[in-house]
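Basis for what follows: all heavy atoms, side chains included, without hydrogens, waters or symmetry-related copies. Throughout, protein chains are lettered first and strands after them, A, B, ... in sequence-line order, and every chain is numbered starting at 1. None of these values were measured; they are calculated from a predicted model.
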Protein chains: 2
Amino acid sequence: MGTHHRGTEEEVRALDAYIKLMRAANALTARVHRHLAEERLTISQFGALEALYHLGPLCQKDLGRKLLKTDGNITLVVDNLEKRGLVERRRDAKDRRYVMVHLSDEGRELIRRTFPRHVAGVVEALSVLDPSEQQELARLCRIVGKRAAD
Amino acid sequence: MGTHHRGTEEEVRALDAYIKLMRAANALTARVHRHLAEERLTISQFGALEALYHLGPLCQKDLGRKLLKTDGNITLVVDNLEKRGLVERRRDAKDRRYVMVHLSDEGRELIRRTFPRHVAGVVEALSVLDPSEQQELARLCRIVGKRAAD
DNA sequence: CGCTATTATTTCAACATTAAACTATATACC
DNA sequence: GGTATATAGTTTAATGTTGAAATAATAGCG
């Protein structure tokens with residue numbers, strides 16, 4: 001087991017699952033990032049572009065909700081995407097608190113080109129599990145994630 | 001399912017598992033960090049202290065291998081722990097390339113006090129799964145992590 | 001022995017991330 | 001209508017994170 005802790009069975013079991021889950025997440029993140037690095041995209045930038053691509057223009061608050069990130073973080077990520085001309089900020093005329101983030105043509109083209117490779121990478125990484133195992137993994141993670149989130 | 005992508009069954013299944021795994025890892029990380037924040041410890045700092053506590057003094061390279069982090073990262077994390085007096089750097093006399101990192105008395109006391117609460121938090125977060133589910137989650141994550149790592 | 005390759009660590013630039021303080025705008029309600 | 005409250009976004013300080021370049025020390029080998 002992946003832990004050096006001497007504890008009850010319950011503790012060792014929970015710690016082992018925890019560590020394995022974290023390592024799997026880290027390893028997957030690193031692998032996915034390898035793809036993205038070729039386009040000089042970070043994972044956060046890719047996540048933002050993908051959300052805008054699939055959901056259409058979003059205000060920064062909603063973007064943060066989708067990506068589970070803080071306001072300040074979204075400000076920076078959008079800053080960096082804007083610098084590269086991949087997205088455009090448009091202040092909402094009706095409620096001037098909101099900043100709607102739109103994909104630029106270049107951003108749309110980039111995410112359209114990049115997304116299939118991302119999908120292929122994820123499929124490949126998870127192909128070590130058969131379909132029912134993938135579904136079981138998703139089910140267990142959903143339960144754990146839901147509990148941990150509250 | 002957690003994805004808006006229109007693709008083959010295989011793709012949707014893999015993406016769903018991927019997203020659920022990432023969200024579970026994020027949520028668990030945030031929850032664990034809540035505990036640690038009370039002691040003004042980051043997750044990385046806690047990880048380093050824990051490794052030193054359970055494995056004894058390590059050089060920074062080995063610490064990085066345990067925590068799956070880069071050399072430069074370890075330098076910074078150890079810097080911050082050292083500033084707080086929780087660890088001590090000792091240059092190896094035989095091979096002066098190595099810096100051995102030792103827990104200070106204060107660091108040992110802190111991790112001894114903190115670790116049980118960490119364990120309790122992990123046990124609590126995973127208690128939504130029964131024992132066999134936890135083991136299955138660990139098994140699936142181990143497989144995915146191993147593949148993704150190479 | 002002396003040169004080369006390897007290994008451990010540090011430094012640096014760029015980006016991520018959070019929490020907290022702050023600004024700007026809009027809403028609610030008396 | 002004016003004031004309190006809530007919401008969106010920005011800024012700042014601290015830490016993390018990587019990848020690449022730079023340092024320092026050792027090991028291998030002709």
Ion pair [X]/[Y], N-O distance below 4.0 Å:
X: A:Arg96; Y: A:Asp92; result: no
X: A:Arg139; Y: A:Glu133; result: no
X: A:Glu88; Y: A:Arg90; result: yes

5' priority, DNA chain C, between A:Arg91 and B:Lys61 [closest heavy atom]: B:Lys61

With [X], which residues qualify under salt bridge (Lys or Arg N to Asp or Glu O under 4.0 Å), at least two apart?
X: A:Arg147; value: B:Glu124
X: A:Arg89; value: A:Asp79, A:Glu82
X: A:Arg113; value: A:Glu39
X: B:Lys146; value: none

Terminal contacting nucleotides, 5' and 3', DNA chain D versus chain B (heavy atom, 4.0 Å): D:dT15 to D:dT26

Distance, nearest 0.5 Å, that separates CG of A:Leu140 from CG of B:Leu140: 7.0 Å

[Y] backbone acceptor or donor facing [X] side chain under 3.5 Å:
X: B:Arg31; Y: B:Gly121; answer: no
X: A:Glu10; Y: B:Val123; answer: no
X: B:Gln134; Y: B:Leu129; answer: yes

Heavy-atom pair of closest approach, residues B:Asn73 and B:Lys69: ND2-CD, 3.1 Å

Spacing between A:Leu67 atom CG and C:dT17 atom P, to the nearest angstrom: 9 Å

Atom-pair distance (CD on A:Gln60; C1' on C:dA24), nearest Å: 14 Å

Stretch residues 25-43 of chain B: residues that reach within less than 4.0 Å of DNA chain D through a heavy atom: B:Thr42

Any pair counted as ring pair (Phe, Tyr, Trp, His ring centres under 6.0 Å), so long as it reaches residues 13-51 of chain B, sequence neighbours left out: A:His118-B:Tyr18, B:Phe46-B:His118

Degree of bending in the helix from C:dC1-D:dG30 to C:dC30-D:dG1 once both end axes are built from five pairs, to 10°: 10°

Touch class at under 4.0 angstrom, heavy-atom based, for A:Thr70 against every strand present: base

Close residues, residues 72-85 of chain B, relative to DNA chain C [heavy-atom separation under 4.0 Å]: B:Gly72, B:Thr75

Residues touching DNA chain C, which here means a heavy atom under 4.0 Å, drawn from residues 92-101 of chain B: B:Arg97, B:Tyr98, B:Val99

Residues that A:Asp62 engages under side-chain contact (heavy atoms from CB on, under 4.5 Å), provided they are two or more places apart: A:Leu58, A:Cys59, A:Arg65

A:Thr29: side-chain contact (heavy atoms from CB on, under 4.5 Å) partners, not counting sequence neighbours: A:Ile43, B:Met22

